[in-house]
Protein chains: 2
Amino acid sequence: MTDNKTQPRRPAPARGRPPKSAKGPDLRQKILDAAEGLFARHSFYGVTTRQVAFEAGVDVALIHYYFGAKSGLFDAVFLRRAEILNKVRLDSLDAYEKTHAGAVTVEGAIQAFINPLLDISLTGGAGWKSYFALVAQVNNTPAWGGETMTRFFDPVVQRLIAVLRKALPHARDEDLFWGYQFLTGSMMLAVSETGRIDLLSKGLCHASDIAAVKERLSAYCAAGLLTVVERHTPSLPA
Amino acid sequence: MTDNKTQPRRPAPARGRPPKSAKGPDLRQKILDAAEGLFARHSFYGVTTRQVAFEAGVDVALIHYYFGAKSGLFDAVFLRRAEILNKVRLDSLDAYEKTHAGAVTVEGAIQAFINPLLDISLTGGAGWKSYFALVAQVNNTPAWGGETMTRFFDPVVQRLIAVLRKALPHARDEDLFWGYQFLTGSMMLAVSETGRIDLLSKGLCHASDIAAVKERLSAYCAAGLLTVVERHTPSLPA
DNA sequence: GTCTATAACTGGATAGAC
DNA sequence: GTCTATCCAGTTATAGAC
């Protein structure tokens with residue numbers, strides 16, 4: 001978001017977590033949870049602060065107290081899990097590179113990038129599922145999607161590209177970037193669980209079946225990337 | 001859309017095109033054009049009917065006269081090009097099957113499905129670009145995206161699946177459906193041109209470069225699908 | 001920190017003149 | 001068909017009491 005025309009006018013009373021009072025339910029988190037679910041389903045403009053307040057069991061004014069303008073709430077929702085997700089994925093890529101030094105494969109690198117996300121979707125609960133749906137939505141928003149995705153997630157992606165370069169030293173960068181673009185499109189649509197595949201397959205497949213995605217997605221992307229790269233470097237050494 | 005709680009109350013005075021008066025600019029189309037661009041960039045709730053009216057150079061009341069409620073306008077935008085697109089793609093798949101009877105390949109089928117869309121994006125102008133961005137956005141909307149995509153585009157997709165079955169007679173349907181799911185995620189993100197790849201690649205690649213997509217996407221998806229299918233049917237005949 | 005009350009405004013929609 | 005004028009429900013946001 002970072003909507004330039006609606007800055008929070010309050011002096012941002014609570015940066016980070018609520019200063020004192022480790023009070024039970026932690027209303028700040030409840031607001032974020034409610035907002036996350038609603039934004040994921042109905043987009044930024046499709047949700048009112050009142051709905052968020054109602055869903056969180058909280059007064060409307062409290063939202064402004066904690067987050068300033070509505071766009072501040074959105075940013076907070078987006079940032080909260082981005083930090084966790086980035087750390088998990090960077091660690092995964094680091095670990096893969098360390099344990100496979102000199103024997104880095106395309107599929108291995110892609111798995112190290114994709115699987116942490118799918119594992120979180122499998123075990124992280126409803127909050128994470130909403131979050132992924134939200135990211136998928138932002139990913140496909142021309143107005144500010146490209147910029148937001150870049151701002152929050154670029155470091156991990158650059159890290160993935162770097163590992164892929166080791167696996168494919170003769171690949172052209174254009175092919176790696178386009179390959180990543182295709183990958184992220186598939187991955188984000190899969191974790192946003194829109195239910196389309198249920199309808200399309202007449203109940204044979206389920207969008208919520210992330211295990212089925214995990215079984216297939218990295219093989220799919222790895223084979224695709226390899227083919228694209230090979231078309232441009234016909235005689236692959238090694 | 002098909003928002004159940006806000007039905008157009010007017011008796012839908014103009015179904016199809018404005019009855020008489022083949023008057024120059026055709027305001028109905030101008031409204032649709034304006035709405036298409038705005039919805040694509042800012043989503044349904046992010047656009048007001050007043051904005052649409054302003055952009056179209058038309059009075060707000062006229063929008064309600066032609067389309068009833070706001071959701072009616074959205075549906076009209078979505079439907080207008082869906083009909084054209086479906087026809088083009090069905091024809092393309094038919095033509096491919098006829099000219100390659102008995103020698104249907106995965107990549108050929110996928111090209112027959114993807115390329116008409118990419119060609120339209122390449123030559124169809126700004127309206128079509130907006131339309132694809134809009135479809136991409138709907139595709140990733142959990143609330144009604146799955147249902148809407150199914151309603152408008154299922155026949156073509158089922159047709160693609162049928163052709164793929166001929167190319168891969170031993171493939172399991174689950175793999176074909178998941179393969180399609182991955183394909184549509186990549187394709188729709190590519191044609192929504194969010195500009196992310198420009199930032200990510202620091203200017204090396206351009207989201208608007210649909211020719212680059214066309215060079216790579218069908219090879220990518222075909223290789224991916226083939227790999228997924230093969231993993232489950234190790235000894236491929238033919 | 002939390003809630004009440006309300007200001008200030010924007011939104012969709014329509015009646016009725018032309 | 002198109003525009004003027006307007007209704008009014010619902011929105012963000014805040015001031016100020018507790």
Side-chain angles (χ1 to χ4, degrees), chain A residues 1 3-32 34-35 38-39 42-76, chain B residues 1 3-32 34-35 38-39 42-76:
Chain A
M1 273 275 92
D3 203 349
N4 285 333
K5 59 180 181 277
T6 40
Q7 293 295 355
R9 274 147 218 175
R10 280 188 186 268
R15 268 281 180 238
R17 58 187 59 182
K20 55 175 181 176
S21 101
K23 191 180 145 198
D26 199 345
L27 296 184
R28 200 174 187 276
Q29 297 299 321
K30 286 184 94 164
I31 293 170
L32 286 174
L38 288 166
F39 284 148
H42 305 112
S43 91
F44 179 72
Y45 301 103
V47 175
T48 69
T49 51
R50 283 171 151 81
Q51 286 175 277
V52 175
F54 178 82
E55 195 88 350
V58 147
D59 193 277
V60 215
L62 207 59
I63 294 176
H64 292 94
Y65 173 77
Y66 277 124
F67 303 101
K70 187 183 170 185
S71 63
L73 173 60
F74 187 92
D75 285 348
Chain B
M1 271 280 94
D3 203 349
N4 284 334
K5 58 179 181 279
T6 40
Q7 293 295 354
R9 274 148 220 174
R10 283 187 184 267
R15 269 276 182 242
R17 58 188 58 183
K20 54 175 182 174
S21 102
K23 192 180 142 198
D26 198 346
L27 296 184
R28 200 174 186 274
Q29 297 300 319
K30 285 184 94 164
I31 294 170
L32 287 173
L38 287 166
F39 284 148
H42 305 111
S43 92
F44 180 71
Y45 300 104
V47 175
T48 69
T49 51
R50 286 174 155 83
Q51 287 176 277
V52 174
F54 177 82
E55 195 87 352
V58 148
D59 194 277
V60 214
L62 207 59
I63 294 176
H64 292 93
Y65 173 75
Y66 277 123
F67 303 101
K70 186 183 172 186
S71 62
L73 173 59
F74 187 92
D75 285 347

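Quick note: numbers below take in every heavy atom, side chains included, and nothing from hydrogens, waters or symmetry partners.
- Nearest to the side-chain atoms of B/Arg50 among the listed nucleotides C/dA13, D/dT2, D/dA13 stands C/dA13.
- The distance between atom NZ of A/Lys30 and atom P of C/dT2, rounded to the nearest whole Å, is 11 Å.
- With rounding to whole Å, A/Ile31 atom CD1 is found 11 Å from C/dG1 atom C1'.
- Nucleotide C/dG16 holds its P atom 17 Å from the CG atom of B/Asp59, rounded to whole Å.
- Evaluation of the side chain to side chain donor-acceptor pair (under 3.5 Å) rule for A/Ser43 yields no partner, not counting sequence neighbours.
- The line from CZ of B/Phe44 to NE2 of A/His42 is 12.0 Å long, rounded to the nearest 0.5 Å.
- Regarding A/Gln51, its CD atom lies at a distance of 7 Å from the P atom of D/dT11, rounded to whole Å.
- Among the nucleotides D/dC3, C/dG12, D/dA13, the one closest to the side chain of A/Lys70 is D/dA13.
- For the pair B/Arg28 CZ and D/dG1 P, the computed distance is 10 Å after rounding to whole Å.
- Side-chain nitrogen and oxygen atoms of B/Tyr65 include none within less than 4.0 Å of the OP1 or OP2 phosphate oxygen of D/dC3.
- Taken to the nearest 0.5 Å, the CG atom of A/Leu62 stands 12.0 Å off from the OG1 atom of A/Thr49.
- For the pair B/Phe67 CZ and C/dG12 C1', the computed distance is 16 Å after rounding to whole Å.
- Protein atom CZ of A/Phe54 is 13 Å distant from nucleotide atom P of D/dT11, rounded to whole Å.
- How far CG of B/Leu32 is from CZ of B/Phe67: 4.0 Å, rounded to the nearest 0.5 Å.
- B/Ala34 meets the side chain to side chain contact (heavy atoms under 4.5 Å, CB included) test with B/Val52, B/Glu55, B/Ala56; sequence neighbours excluded.
- The interatomic distance linking A/Ile63 (CD1) with C/dG1 (P) rounds to 17 Å, in whole Å.
- Heavy atoms of A/Val52 sit nowhere under 4.0 angstrom from any nucleic acid atom.
- Atom CG of residue B/Leu38 and atom CZ of residue B/Phe54 lie 11.0 Å apart, to the nearest 0.5 angstrom.
- Applying the 4.0 Å criterion to OP1 and OP2 of C/dT14, one finds that B/His64 has every side-chain N and O outside that range.
- In the set D/dT2, C/dG1, D/dC3, the nucleotide with an atom closest to the side chain of B/Ala61 is D/dC3.
- In the set D/dT2, D/dT4, C/dG11, the nucleotide with an atom closest to the side chain of B/Leu62 is D/dT2.
- In this structure, the separation between CZ on B/Arg50 and CG on B/Asp59 is 9.5 Å, given to the nearest 0.5 Å.
- Each end of the helix from C/dG1-D/dC18 to C/dC18-D/dG1 gets its own rotation axis from five pairs of C1' atoms, and the angle between them is 10° to the nearest 10 degrees.
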